[in-house]
Every structure is written in C-alpha cells, then in structure tokens.
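To keep things clear, I will list the structure first and then write my remarks on it.
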Amino acid sequence: MSNQPTQNQHEAAYLSLMRGLRELDLRGPSVPSDLVLIGDHAFPLAMNSQGQVLMAASLYGSGRIVVLGHEAYLTAFPALVENALTWLRGDGSDNLSVGVHNNIRAVADNLSRSSFKAEVVGAFSKTLGVGVYVTDAYSVGAHVKDLVAFMKAGGGVLIAGQAWSWAGAHPKENTLLLFDGNKVSGVAGIYFSDHQGEVECLPVYPQIPSSWMAVVTGKDFEDDLEFLLQGVSEFDLQGGAVHSEVLVHGSLAFPIGTTGDRRAFLAGAYYGQGRVIVVTHEGLLGRETLAPFWINALHWLDEGRQGVVGVMPDHALKVLSKSGLKCEKTNFRNDLSVFVCTAYSDDRAKEIQDFVAEGGGLLIGGHAWYWAQTHSGQNPLTDFSGNKILNKMGLSLLAATIGGGLYKAPVPSQAVKDTDHFRHLLNRFAGHVTQGKELSKHEEECLKKLGQDCATYLNMKARDCSSYTQVVSTLTDILMKSGMPQVCDSCPVKKPKDHLLLSVGAEVYKVCPDPDALLPYLIKHNPLLPVVYNHKIKISANTAGGEEWISTGLYLSPGMKTYISLPEEIVNKGWQIQIGCQTDRLNHAELKRAPCVHERFPVTSNMMQVWNLWGGLIYLLAPPKTQVEGLEVTVQMAVPAPYYKSGVTTTAEWSLLRTAPSPWAELEFDNIILTVPSEAVRNLDRPDELAALWNDIMKAIADLAVIPHKFPRKERFVTDVQISCGWMHSGYPVMAHKASAAELVSINHAKSNGIWGPIHELGHNQQRGCWEFPSHTTECTCNLWSVYVHEEVLGINRAQAHPAMTLASRNARAAEYAKGGRKLSDWHMWVALETYMQLQEKFGWDAFKKVFAAYHKMSNFPQDNKGKMNLYAETFSQTVKMNLEGFFKAWGWPIETATEEKLSNLPPWSDHPMTQYD
C-alpha cells in the first residue's frame, strides 16, 4: 500500500502532446484567451508565468479534445498540431482522415506533407467519417450536439480561438455558456474565458505545468447570485436537523448560503454546459420557507428551456412545483431539463455527470456526516455516494456539521469574497509565503479554516485531476519554503499561519509524489534509531468488549516505512493497523503537538506498507466480535520499545528492554495497559510489583461495579503532551497529560499521595446510563470508584484522598445546598457526591454493590432523569430495606407519589444527615 502515485494518464498524454517541442514562442500580435479548467480530466499544456493557461487538453466520454487559446496557434505551431492530431486520433485507431473547417484551411495545407489525410469542409456532419475534426471556436454553432456526440463516441476535436473579443461585443452575455467554442470544449471542462492571456516565450516543461498563481475562478458570480437570491433575504435552517458543510473547491463553484463563520451549506457550480446546486440536507428541498429560493434555483438550472423538472424525493415535489415549471416524480431520464435527487445513491453517477456536462441542471440534497459516523475507516470524500457525483463538479459534502438556524443571504455584489473559496485564499497565502505579500487581517483570521479545508481537500486523493495536483504542488512549495513549525511543549503553536502549516503538513506528506524529499522540511530532528528486522509477534484476540488495540512492542520513527506481513484470517475482516498511541484530535488555539498524530490502515492484503509522518507505536486493531488465537504477524523493520507484559516478560528481560530506544513505552498488566513516555520507565526496576498494585486496583474497580475480575477488554491509559479536553478524560484509551506518567508508574506515589484523577477516569468507564442522571452526576458517580480504591486498596482515607473530601468541605457544601433551597440545578459534582457519601457512610459499600448488581438484572429503564431517579431511590431503599424517600427528597430529588407508595411498608430513615438543615 504505497503512497507513491503511479504516473497518471494525463502525464503520459502531456508527454505525447509536447513530444519534440523545446519551447512555445507565443510573442506576437495574437492575444489569446486565458482558459479555465474544471473537472478531473482537463489539464494544461501551456501556462505562462502568471499561471494563466493558454493551451489545454481533456477527455470526454471515449474521445479527446485539445484547446488552443488563439486560432493563429493552429498554423504557428505545426509540430504541436501534428502531435495533437496523433493523440486525438486515440490509441490504436488507424483512421488518418482529418476534417478541417473551411475558415482554417491553412491547417490542411500544412498537413499535406504529413501522413494525415486532410479534408476541408464547410461544417461538421455525422457522416464525415473522420477520426479528428479541427475547427476554430467561432464556427461550431449549428453542429454543437453532433460534435459533442462525435467526441463522446471516441472522436478527437482540435479547437482554437479566443473569447475576449466576443465578450466585449456581448457584455451582458454569459461567455462560459454562450460563446460558441465553449458549447463544445466546456463539456470536457475547458472554457475560453473573457480574460486576455499574457504572451511570452514559454519553455516546454518535462511534466504538466503548474503554478500557485494559476487563476482559481474563471467567473465572478455576481449575476448568478443576483438571479438566485432575488426576493431571498435569509435561509431558514431552523429545527433539529443537522446539515453537512460543503467544501467549494472547483474553479467554477461558488458558495450561496453560509454560516456566520463562512461555512457553506448551499452552493452552486457550472459544470460543462450545465449547472448544479447542492444543499446539505435533503429535507430542505421540501421546506416551504425556502420556496422563493427553490423557484429561483430551478429557473437558474433550467436556463430558460422551460423543460421538464424530474423530481426523485417525494417531499420536494409540492414546493418545487411552485416554480411554474413542469415538475414530475421520476427517476433520472436524459430528456429532463433539471433533475432533482438526494446524495445517497451513485447508481447513475456517470450518466448524471454527462447530463449536466451536456447542458442539464442538477439539484441535489443530502449530508455526509451520518454516513461518515456509520462507515468508520472509510473516506467520505471518495467513498460517499454523493461525492462520487459532486467532486468532479468542484463541490464536496463533508463529515463536518452545521446546526440549524436562520442565516442571512449574502449581498451579491460582496458575496464571493476571496476568502470564501479556499483555493483563492491558498493562492494569497502562497504569495505571502513565497513573495512576502501582506495578508489582510480578515485573511489571517481565515487561515485556520484554510488549513482544515486544505487537509479535507487533500483527502480527495484525486491524483489524476490537474487542479488537485496543482494544490498539492502549491502546498509542497509552501512547506519547503517555510518549513513546518517544530511544535512541542516548549514551543507551542499559536499563530494562524503555523496552525495551517501544522494541519496540512501531514496531509501533504501522504499525497505528494515524493514524500521522502519533503520529510526533512516537516521533521527537522529525526535521529536514526536502532532497529530490529523481521520481528515476529503472536496475536490473540477475543473482542467481546468492542474494538481492541493489540500492542506489538514496536515503534516507527517519523516518516519511517515498514512492511507488515499478516495472516490470511484477518485480511479484509475489519482489522486495522494503527501507528501512534495518541488518538485525540486537538482543536485548541495553542497547540503543543499537531492536531492529529495517528494513522490507520485497513488490513486489505497479506503484505501492508505502513508509515506515519509523526511516527508512533505500532498496533493491530481487532474489530468487535472477533476471536483469533496465536496468529503470527511479521514486522519487516521497526524500532524496539520498552514493553513489559505481565506473565510474559521476566524481570531479567525487562532490565534490558527498559533501555529500548523508542520514545514511547508500554506496560501491559492483567486488566490495564499504561502507555507513557519512555523516560518514565527507564528507572522502573520492578514492573512486577507495579503490576501487582494495578491488578489490585482493577480488581477493586470490578468489585464495586460487580463485574468479573477479568475485564472484557483491558483498559488503556495514554499520557500525552496535550489532549482534547480536561486534565484527563475517559474512554478507550483514557487520555491524560504527560505529567501524570510518573504517578501512573510509581507505587510510592500511589500509596502516599493517591491517584484520584486516573481512578476518576476509570470510574467514568464504569458509569451506566440507567443509574446516571446527566448532567448532574456525570462528574460525580465516577468518584465512587476513586473513594473506594483509595480506601480499600491504597489505604488512604477519603478525607486525605482529595482536598474537596475533607469533612469541613463536605459539611459546608451540604449546608449551603440546603440553605440555597435544595434546587436540583445546584446538585452537581461534589455536591451530588455528598448524597452518595451519606448513603455509603450509613449503609456501607456493600449496599452499593447490591444496588449495582440489581441493575445488571433489570431492563427497560426509564430514559428521563426523573424516572431514573425514582427507580434509583426505590432500588436503594429495597436493597437496604429502609424507606429512603425522605432522604432523597431532602436532596431535592423529584420523588413521585407512586414511589412513595411502593416504599410505604419499609421503616423510614428518619435521622438522615440532611435533617440537621431542616
């Protein structure tokens, strides 16, 4: 699984088109059009130093097209024209006949000495029988449909001209759609624009030319927005629905509706000769309050044809019918003027793309966030059905979400700011880095989002698409020019520019053609560590407890690649390889490490190549409900890590292993695995004694929860320089700050100072929704385990275990709560814990264990806090055979009459601690 892309088909085409040419001298009287390129297949042949494209080529259907920015180039570059005709004829075709339009008969004269048979004709016709047709951009008028059909079926078209003079004579007309030449070339994603191209003598490059200066948008969309937003002042996205964000990345794509922080939920684009609008939730297609916009949208998509609008989603029919156009419920058909569908099927993606390219309108609604949540390990940009249709059109639905609300419609004259289109802003940023151009304050504020957008866009992995390779090469140039900030504890990243470089560095590294050349610019200090070769690992897994990480005891240095050979039994079964233990994604203003530093590779073959820019420990991830025993995995080359496993590693082996060169170490005990920086274990002499302590702690956690001593999966702890939230947080793994590493591996520290925080997080992992009352008890009931472990295992009294647990603090909180009117809105965290402590001090830990055990046997729990609190009061009362209704009421719990009746035959707890505040 290499990240080296093969030389793509466009590079091969470029080489054959430019064969034998050293330079293109465009200086002279002819002023060409700047060409605008969109889609996956269009690529530049000649680009000037300003990044303007003056010649280009593309594919459409089975055919090919070459576009020159001025008709004079057809005779000025005879060698290029011959190369073009050879390429356009297609591989393996022996049809040497070329149709040449009358207006450019000089081309036919030039060809008389070649092997091609030129035939001068007055117009294109289906019956010509030629392999390639050559025309200027002004003479295709009546034969557009036939010419497009000819190209789609495998024919070649060479077309040349400029559109700026036409545009000057037709100031109110849409050049992209109405200029004659664009009706053919635009279908294949190349447009003659109304901009004049700067001429110079251009060298012919060894590969497709690219430049960060390349113009990003070929149109100012003010007139489109004026049409679309007539009578529309706001977009009503109110309600509970969650929408996706849409990334606007094509040269002819533009945002229509955005949030206050400029994230788009509604966008449009030109594609070929047609148009598309995407809205990021299909429900909005049927929303009455958006009817004025949908009416405008359908007319914009229909382009005055007054054709049939085919509507797939039922709920949209009523609102869309108000447009006055003929709307009917139908699946996709080629004779429609506009097709309306959702983003959840790509069955006919290719047909729909061709329909739009050849002039149809597409209105598509849907979100990708739910798909992303339910398809872990898959890439929404490439695998989600809607994006298989939309990516080529310059729009992509993202996993990122946008909530409901009322969003202001933009003012058309100011709408498409440079900062709204990430490629514009990238262009400005590249100028800032490479030429020192100043950025405006607004542009600086947008840099963090630009970093996220670039990282997202790079996930499209569209290596055959020239605009994608353009972005990759721009970002590679930026990183090589400025380097990536060497973020760490002592040099955190705060500036938007550094944020951007940090979030794109790893993504560019994954997709750039030569990652090894880029590596030294990204990781400055990367010492060579000693390695082991062909290291064999036995793996067993029984994942009753959800996905499980299996440690290998091996580490990869930053950027280091290795091959892993895997047994057939786990290939394509949902297994993954993970490099890196820190799976928290960071979203902080100040970063002490990159936002995402782990990589995952789905196991899709027996031999996998893996790497991670940031390096990291190597894990195998076993999917849920998997059982394997004693399988063998071989890692070709890796750095050994200090790795201790109870019952496997001897004390003698450990004395050597603890010096292993990896910067990360792991200690795997019976029920918990601790991942810490290696310096924390270099002086650990007796891991077996530490194991015994943690085994006791984990047994105690199981005892209080009334679950078997052997956990369904071992808990994990990872200590990191920075985590996503809090000082620690629960989960798999529990994440903690680096400072906690020392206390996790020190018996002395645990027994003298306690380890409240780590046990608090392990307590979170034991909480159950049926006896939890969020948000009141979220940070409270987990502390039952902290108190229990400190007293029962570590021998530390609760008053010494945490400063908040002294008797004085506890009494003061209870008194203040009672004095404040015993309002549940004040019943949180330490205050709430006091309720449980009073129960514990009266009835002992045994009562809690019996209550938890009772819950294991119940089902059909109430879902609301009130119902759950009544069930808890009832269960606890029945367990201790005492009516606790008065006690819970004294704590402000909403005890119902039905509960009181159920408990009325039990003796009341009349002298409970809260009576003193009555």
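Note that the structure is a prediction, hence the values are computed from the model and not measured. Computed from heavy atoms alone, side chains included, the values below leave out hydrogens, waters and symmetry copies.
Contacts of K592 classified as side chain to side chain contact (heavy atoms under 4.5 Å, CB included), with partners at least two apart in sequence or in another chain: D489, P492, E590, V721, Q722. For H828, the ring-ring contact (aromatic ring centres under 6.0 Å, His included) test picks out H776, with sequence neighbours left out. In terms of the salt bridge (Lys or Arg N to Asp or Glu O under 4.0 Å) criterion, residue partners of E445 (sequence neighbours excluded) are, by chain and number, K441. H802 pairs by the ring-ring contact (aromatic ring centres under 6.0 Å, His included) definition with W756, W830, not counting sequence neighbours. Applying the salt bridge (Lys or Arg N to Asp or Glu O under 4.0 Å) criterion to D261, with sequence neighbours excluded, gives R263. Remark: S746 engages N748, H749 in a side chain to side chain contact (heavy atoms under 4.5 Å, CB included) (not counting sequence neighbours). Every residue meeting the side chain to side chain contact (heavy atoms under 4.5 Å, CB included) condition with Q916, not counting sequence neighbours, appears here in chain and number order: P913. Residues satisfying the side chain to side chain contact (heavy atoms under 4.5 Å, CB included) criterion with Y370, sequence neighbours excluded, are H367, T374.
Counting heavy atoms from C-beta on, the side chains of F843 and F848 never come closer than 4.5 Å.
Applying the salt bridge (Lys or Arg N to Asp or Glu O under 4.0 Å) test to pairs two or more places apart or on separate chains, those with a residue in residues 838-854 are R798-E841, R810-E841, D846-K850. For the salt bridge (Lys or Arg N to Asp or Glu O under 4.0 Å) condition, no pair includes a residue of residues 760-776, sequence neighbours left out. For residues 683-696, every residue pair satisfying the salt bridge (Lys or Arg N to Asp or Glu O under 4.0 Å) rule, not counting sequence neighbours, is listed here: R658-D685, R686-D688, R686-E689. Listed by first and then second residue, the salt bridge (Lys or Arg N to Asp or Glu O under 4.0 Å) pairs that reach into residues 775-784 come to none, sequence neighbours excluded.
Side-chain N/O atoms of T806 and S809 include a donor and acceptor closer than 3.5 Å. For W909 and D911, the side-chain atoms include at least one donor-acceptor pair closer than 3.5 Å.
Geometric assessment of R822 against the ring of Y817 yields a negative cation-pi assignment under the 6.0 Å and 45° thresholds.
Although no hydrogens or angles enter the test, the distance criterion places a donor-acceptor pair under 3.5 Å between the side chain of T875 and the main chain of L871. The closest donor-acceptor contact from the side chain of S244 to the backbone of L398 lies under 3.5 Å.
Taking the six-membered ring where tryptophan is involved, the planes of F887 and W891 are perpendicular, since the angle between them exceeds 60° and thus also 30°.
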